Colleague: 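If you scroll down you'll find the structure; I have some questions about it.
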Amino acid sequence: MANITSVRGFRDILPEETPKWQRVEEKIRKIFFNFGIKEIRIPILEKTELFKRGIGEATDIVEKEMYTFVDRGNEQLTMRPEATASVIRSYIEHHMYEKDPVAKLFTIGPMFRRERPQKGRFRQFHQINVEFLGQDDPRIDADLMSMLIYLLTELGLEGLKLELNSLGCDTCRPAFREKVILFLKDKENRLCEDCRRRLGSNPLRVFDCKNESCQETISGAPTILDFICPECTGHFEKVTGHLEILNVPYSINKRMVRGLDYYTRTAFEITSGALGAQNAVTGGGRYDGLVQMLGGPAMPGIGFAIGFDRLISMLPDNYGEDTGSPNIFIATMGESAQGRAFSICNALKRAGIRADMDFSGKSLKAQMKRANKLNCSHTLIIGDTELEEGIAPLRNMRDGTQDSVAIKNADALIEKINN
RNA sequence: GUGGGUGUAGCUCAGUUGGUUAGAGUGCCUGGUUGUGGCCCAGGAGGUCGCCGGUUCAAAUCCGGUCACUCACCCCA
């Protein structure tokens, strides 16, 4: 009978790797706490309509990547492909803006997109999302990006590049869009198949097409920064100004656009050369129209998502390893020793000390080998008849020196280990 | 959805122009040695060679199909 395997693009994160995830999450939570960002936990399943309206009907995500199904109650549901729409839905549903229009929220969890898997891309992947709602001051944008850079640097990442652009707003982007369509109309035959299709749905995407001919064609086109309205220009200039004040290095990428429809004004991306083709570790931007679009009040917002899996893959293998705390292995010789070891081992664990032992009755050699494998700091050997008190030497594994103090009971041992 | 690469032991991989009981390293188990583990020595378990079909006296090896993994396009974090 054939074995059952995991679903394509859905992977197990094995015990060797989970400490990395835990350490990163701990550090991030601490930083978010200091920046006044509170956690929100949202469902994995939402009504399909939420993403259609939020992300945009014509986007690749909605068009062909969502896990959508009809449930037994005949309702169209979707496993979330991203978190922002859900956070906004919750913000509106619970009238959070009534209590306090300003909300700084984060959420961590899995997202689902049915793409072809490759390096740094899975069908179930994990994101750390941050949303700042209720404020459109350019300082918010700068503060958000500065925190992000700080956070990634704190985690030990190097070679990061922050790129940003402005996408304009509802009033200036449509005009720019028309201009681009007009510009490309008579050059259509020089565009790739995808871009010709995009011309009708999302012509701005031609800007970041990787096809050479497309790049050449679009290079003469007006760029959005020359075209956006004075308000948007002002906002963008202030954002970059504040970034400079905060000493955050950045570069402007006039051709960067976003694949989700809700973005307005500030859009940014952080990339790393260490990631392969899927080089974006973070992406985000402002979405001043989204709250209203989803049925809430007119309320600005900005946010980002960190690709958790990609972030983890950039960290060294030993990241998050516990090295300091004591880790005891109890080896036994003989039946009666096992009995005493059993209760001592249990007492150690309840006293907050990591401890383990072997019940299989294997040779001492095998037990010691196991202790070594578990990377134990100390091995305690308990003999069958030696030492009336019942406990033999506590031995340090690392330098081989013996500590031959006989210990009378578990309490004395705990004290010894803790001193 | 499109293209390239790869599927042989738990893991990393050899396997010459098709030819007998398919190998190594590592890991695992047992024993020896060792001032009770690391080093060394001996032995052992473990594989329908991804799956199906074809060619052949004979297929891990050649051909076709299929599935999986992987990298890239696309898209995005």
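Letters A, B, ... mirror the listed sequences (proteins, then strands); counts begin at 1. Every value quoted in this text rests on a predicted model; they were computed, and no experiment measured them.
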Colleague: Grab the CG-P distance between A:L275 and B:rA72 for me, whole Å please.
Modeller: 10 Å
Colleague: How far does the P atom of B:rU33 sit from the matching atom of B:rU16, given to the nearest Å?
Modeller: 43 Å
Colleague: Please list, chain by chain and in numerical order, all residues satisfying side-chain hydrogen bond (donor to acceptor under 3.5 Å, both in side chains) with A:R258, sequence neighbours excluded.
Modeller: A:E269
Colleague: Between atom CD in A:E63 and atom P in B:rC76, what is the gap in whole Å?
Modeller: 11 Å
Colleague: Going by distance alone, is a donor N or O of one side chain under 3.5 Å from an acceptor N or O of the other, for A:D226 and A:T223?
Modeller: yes
Colleague: In this structure, how many angstroms lie between the C1' atom of B:rA77 and the CD1 atom of A:I312, rounded?
Modeller: 14 Å
Colleague: Kindly say whether A:P81 contributes a backbone atom to a donor-acceptor pair with the side chain of A:R113 at under 3.5 angstrom?
Modeller: yes
Colleague: Does either side chain, that of A:D137 or that of A:Q135, offer a donor lying less than 3.5 Å from an acceptor on the other one?
Modeller: no
Colleague: Backbone N or O of A:F268 within a donor-acceptor pair of the A:N165 side chain at under 3.5 Å?
Modeller: no
Colleague: Is there a donor and acceptor pair closer than 3.5 Å between the side chain of A:K365 and the base of B:rG32?
Modeller: yes
Colleague: Do A:Q118 and B:rC69 have a side chain to base donor-acceptor pair shorter than 3.5 Å?
Modeller: no
Colleague: Going by the rule side chain to side chain contact (heavy atoms under 4.5 Å, CB included), which residues pair with A:A341 if we only count those two or more places apart in sequence or in a different chain?
Modeller: A:I330, A:T332, A:M357, A:I382
Colleague: Using the six-membered ring for Trp and the full ring for Phe, Tyr or His, decide whether A:F308 stacks on the six-membered base ring of B:rA77 (centres under 5.5 Å, planes under 30°).
Modeller: no
Colleague: For A:F183, look at atom CZ and say whether over 12 heavy atoms of other residues, nucleotides or ligands are found less than 6.0 Å away.
Modeller: yes
Colleague: Let me know the distance between CG of A:L364 and P of B:rG31, rounded to the nearest Å.
Modeller: 12 Å
Colleague: Using the C1' atom in both, what is the distance from B:rU17 to B:rU21, to the nearest Å?
Modeller: 24 Å
Colleague: Determine the contact category for A:G284: base if any of its heavy atoms lies under 4.0 Å from a base atom, sugar-phosphate if only primed atoms, P, OP1 or OP2 are that close, otherwise nothing.
Modeller: nothing
Colleague: For the base of B:rC76, is there a side-chain donor-acceptor partner from A:R310 under 3.5 Å away?
Modeller: yes
Colleague: By the 4.0 Å heavy-atom rule, please label A:L260 as base, sugar-phosphate, or nothing.
Modeller: sugar-phosphate
Colleague: Report the residue (A:R8 or A:Q127) whose heavy-atom-nearest nucleotide on RNA chain B is the more 5′ of the two.
Modeller: A:R8
Colleague: In whole Å, what separates the C1' atom of B:rC49 from that of B:rG7?
Modeller: 10 Å
Colleague: Using a distance-only test with no angle check, is there a side-chain donor-acceptor pair under 3.5 angstrom linking A:T271 and A:E163?
Modeller: no
Colleague: Assign A:Q278 to base, sugar-phosphate, or nothing according to its heavy-atom contacts below 4.0 angstrom with the strands shown.
Modeller: base
Colleague: Let's see if you can work this out: which of B:rU36, B:rC74, B:rG38 has an atom nearest to the side-chain heavy atoms of A:N372?
Modeller: B:rG38
Colleague: Give me the distances for all protein-to-nucleotides 1-5 of chain B N/O pairs that come in under 3.5 Å?
Modeller:
unit_1: B:rU2; atom_1: O4; unit_2: A:R116; atom_2: NH1; d: 2.2

Colleague: Not counting sequence neighbours, which residues clear side chain to side chain contact (heavy atoms under 4.5 Å, CB included) with A:I42? List them please.
Modeller: A:I40, A:R80, A:A83, A:S86, A:V87, A:S90, A:T107
Colleague: In whole Å, measure the gap between the C1' atoms of B:rU70 and B:rG32 for me.
Modeller: 45 Å
Colleague: Roughly, in whole Å, what's the span from CG in A:L151 to C1' in B:rA77?
Modeller: 14 Å
Colleague: Between A:E82 and A:A85 (side chain of the first, backbone of the second, donor and acceptor by atom type, cut-off under 3.5 Å), is there such a pair?
Modeller: yes
Colleague: Mind pulling the stems RNA chain B is in, i.e. runs of at least three Watson-Crick or G-U pairs, everything under 3.5 Å?
Modeller: B:1-7 with B:67-73, B:10-13 with B:23-26, B:28-32 with B:40-44, B:50-54 with B:62-66
Colleague: Using whole Å, report how far NZ of A:K369 lies from P of B:rG38.
Modeller: 7 Å
Colleague: For a quick check of understanding: with a heavy-atom distance under 4.0 Å over all strands, which category does A:K64 fall into, base, sugar-phosphate or nothing?
Modeller: nothing
Colleague: Looking at B:rC28, I'd like to know if its phosphate oxygens (OP1 or OP2) sit under 4.0 Å from a side-chain N or O belonging to A:K373.
Modeller: yes
Colleague: With RNA chain B as reference, determine whether A:S6 or A:G276 sits nearer its 5' end, using the nearest nucleotide of each.
Modeller: A:S6
Colleague: In whole Å, what is the span from the CG atom of A:N375 to the P atom of B:rG37?
Modeller: 18 Å
Colleague: Restricting to ring pair (Phe, Tyr, Trp, His ring centres under 6.0 Å), what partner residues turn up for A:H126, sequence neighbours left out?
Modeller: A:W21
Colleague: In whole angstroms, how far is the P atom of B:rC76 from the CD atom of A:E269?
Modeller: 9 Å
